[in-house]
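When a ligand or atom number is given, it counts from 1 through the structure's own listing order. Note that the coordinates shown come from a computational prediction; the quantities given were computed from them, not determined experimentally.
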Amino acid sequence: MPKFEYAPAPESRSIVSLRESYGLFINGEFGPGVDGRAFKTISPATEEVLAEVTEAGPADVDRAVTAARKAYEHTWSAMPGRERAKYLFRIARIIQERARELAVLESLDNGKPIRESRDVDIPLVAAHFFYHAGWADKLEYAGYGPAPRPLGVAGQVIPWNFPLLMLAWKIAPALACGNTVVLKPAETTPLTALAFAEICQQADLPPGVVNIVTGAGETGRALVEHPGIDKVAFTGSTEVGKQIARACAPTRKKVTLELGGKAANVVFEDAPVDQAVEGIVNGIFFNQGHVCCAGSRLLVQESVYSDVLASLRRRLATLRLGDPLDKNTDVGAINSAAQLAKIRELSEVGEAEGAERWSPPCELPVKGFWFPPTIFTGVSQAHRIAREEIFGPVLSVLTFRTPAEAVEKANNTPYGLSAGVWTEKGSLILWMASRLRAGVVWANTFNKFDPASPFGGYKESGYGREGGRHGLEAYLDV
Ligand code: NAD
């Protein structure tokens, strides 16, 4: 099938006004770090330096926790829920007003296509604040008793794949329940969190209710290990999640962990092939595969294997890779040089272990971090590419004959975050859903999110739920 040539349609970046350098957002104000350290954040698509960002040390984290404690005790926890709701509604509306700016900023700093940041990330960010604003004055109806209490100060650490969306998943429920927060964004994508700090100022949020400290792993560690916090919420790798669980085990801190995944996307022989192929593509190439719940293992029923593979290859050849700010782009840049190295390494291991690698013809830009959409066939369950999270645009294809075999293979992983099932039979969907050990099971769709729907994992994908009524529990003393 010929690929249409599209004229470039770049979104203008003039709507974003970047500062040369950013301080820490503590007690409602931006200010310098105590020891004056800073790092640069770059555009992964061009390697251009976007801004310099302050690296918070332990003394800064301590100042942020102290500000959050003061705001918790004197302002936020004492405020009636309906008053807290007003602030959350205000934040949600400002996010909508500034949506285009936030989408451009997210694509610049993260490398994801503007089509995704504009149509998925930012609308979901606003939706999370609207949804939780609605809960703030109705917590007594959430099923946690007549007057559920907040926990106190939450220390929150988030990854780089959905920077502003992960912030919303953390901050919206925390504030709705009456907690105050200190949040650390990922070191490669701090800019939308800093824009959010400005939004807090714009919304007149009382000082100290939200504090943003930037930095890398050491800053995150100082935060989660700080004795002054009551609750730790972490999204990131399973390895770091385990370290945090160990560090918090001897303390009274309540912990929720959203970690890695290796989801199976299971296609049965009666599934409509074109629809399933769209779901497979969305499952693994959305956000360059930097998705914890990505459908990175495709399980296809043997009888339709060659049809599905042929359609999938045809569809992959039409994906456009390139400038994240171009509205026609389907696949953007890999977020960092380190992540690109990890994807390359595991792909090489896949080949060395005997799987067959395929990518459509695809020209990669010279500057920046890029990896073509890639499929591995002939994959066995023992291969590392079938077991380890690649966190990139790489799909491992396996086959099965019976539903029981599909369940066994799908569950043969240390993770348990999500799964997909493609079939026309409702009974088979229910049969599969009750047997798949995954926090979310999508039926005839993939990567669908809604603030009312709880999200979280089994096994090494972590514990606790975010979103929906269940997600409130993580921020209430119940
Ligand atoms: P990462 O664990 O290295 O980093 C995540 C965050 O933790 C970053 O902000 C980082 O600075 C911080 N951090 C690093 N070391 C720390 C430490 N010792 N103590 C406290 N904080 C520390 O992960 P990453 O490479 O940034 O993100 C990719 C991983 O995140 C993938 O494995 C992915 O599956 C997972 N993830 C999970 C979900 C989910 O909801 N389950 C969502 C997104 C990403």
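We find that Lys367 and Glu48 are not joined by a salt bridge, their nearest charged nitrogen and carboxylate oxygen being 4.0 Å or further apart.
The two residues Val213 and Pro185 come nearest to each other via the heavy atoms O-CD, 3.3 Å.
When atom types are taken as modelled, the side chain of Asn179 and the backbone of Val153 share no donor-acceptor pair closer than 3.5 angstrom.
Listed by chain and number, the residues in a salt bridge (charged side-chain N to carboxylate O under 4.0 Å, His left out) with Lys327 amount to none (sequence neighbours excluded). When the ring-ring contact (aromatic ring centres under 6.0 Å, His included) test is applied to Tyr463, no partner is found at least two apart in sequence or on another chain.
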Less than 3.5 Å apart, N/O on ligand 1 and N/O on the protein: could you list those pairs with the distances?
residue	atom	partner	partner atom	Å
ligand 1	2 (O)	Ser237	N	2.8
ligand 1	2 (O)	Ser237	OG	2.6
ligand 1	9 (O)	Ile158	O	2.8
ligand 1	9 (O)	Lys184	NZ	3.0
ligand 1	11 (O)	Lys184	NZ	2.9
ligand 1	11 (O)	Glu187	OE1	2.7
ligand 1	18 (N)	Gln243	OE1	3.2
ligand 1	23 (O)	Ser237	N	3.4
ligand 1	25 (O)	Trp160	NE1	3.2
ligand 1	26 (O)	Trp160	NE1	2.9
ligand 1	30 (O)	Gly236	O	3.2
ligand 1	30 (O)	Ser237	N	3.4
ligand 1	32 (O)	Glu389	OE1	2.6
ligand 1	34 (O)	Glu389	OE1	3.1
ligand 1	34 (O)	Glu389	OE2	2.6
ligand 1	41 (N)	Glu258	O	3.4
ligand 1	41 (N)	Leu259	N	3.1
ligand 1	41 (N)	Leu259	O	2.6

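Listed by first and then second residue, the side-chain hydrogen bond (donor to acceptor under 3.5 Å, both in side chains) pairs that reach into residues 331-349 are Thr188-Asn335, sequence neighbours excluded.
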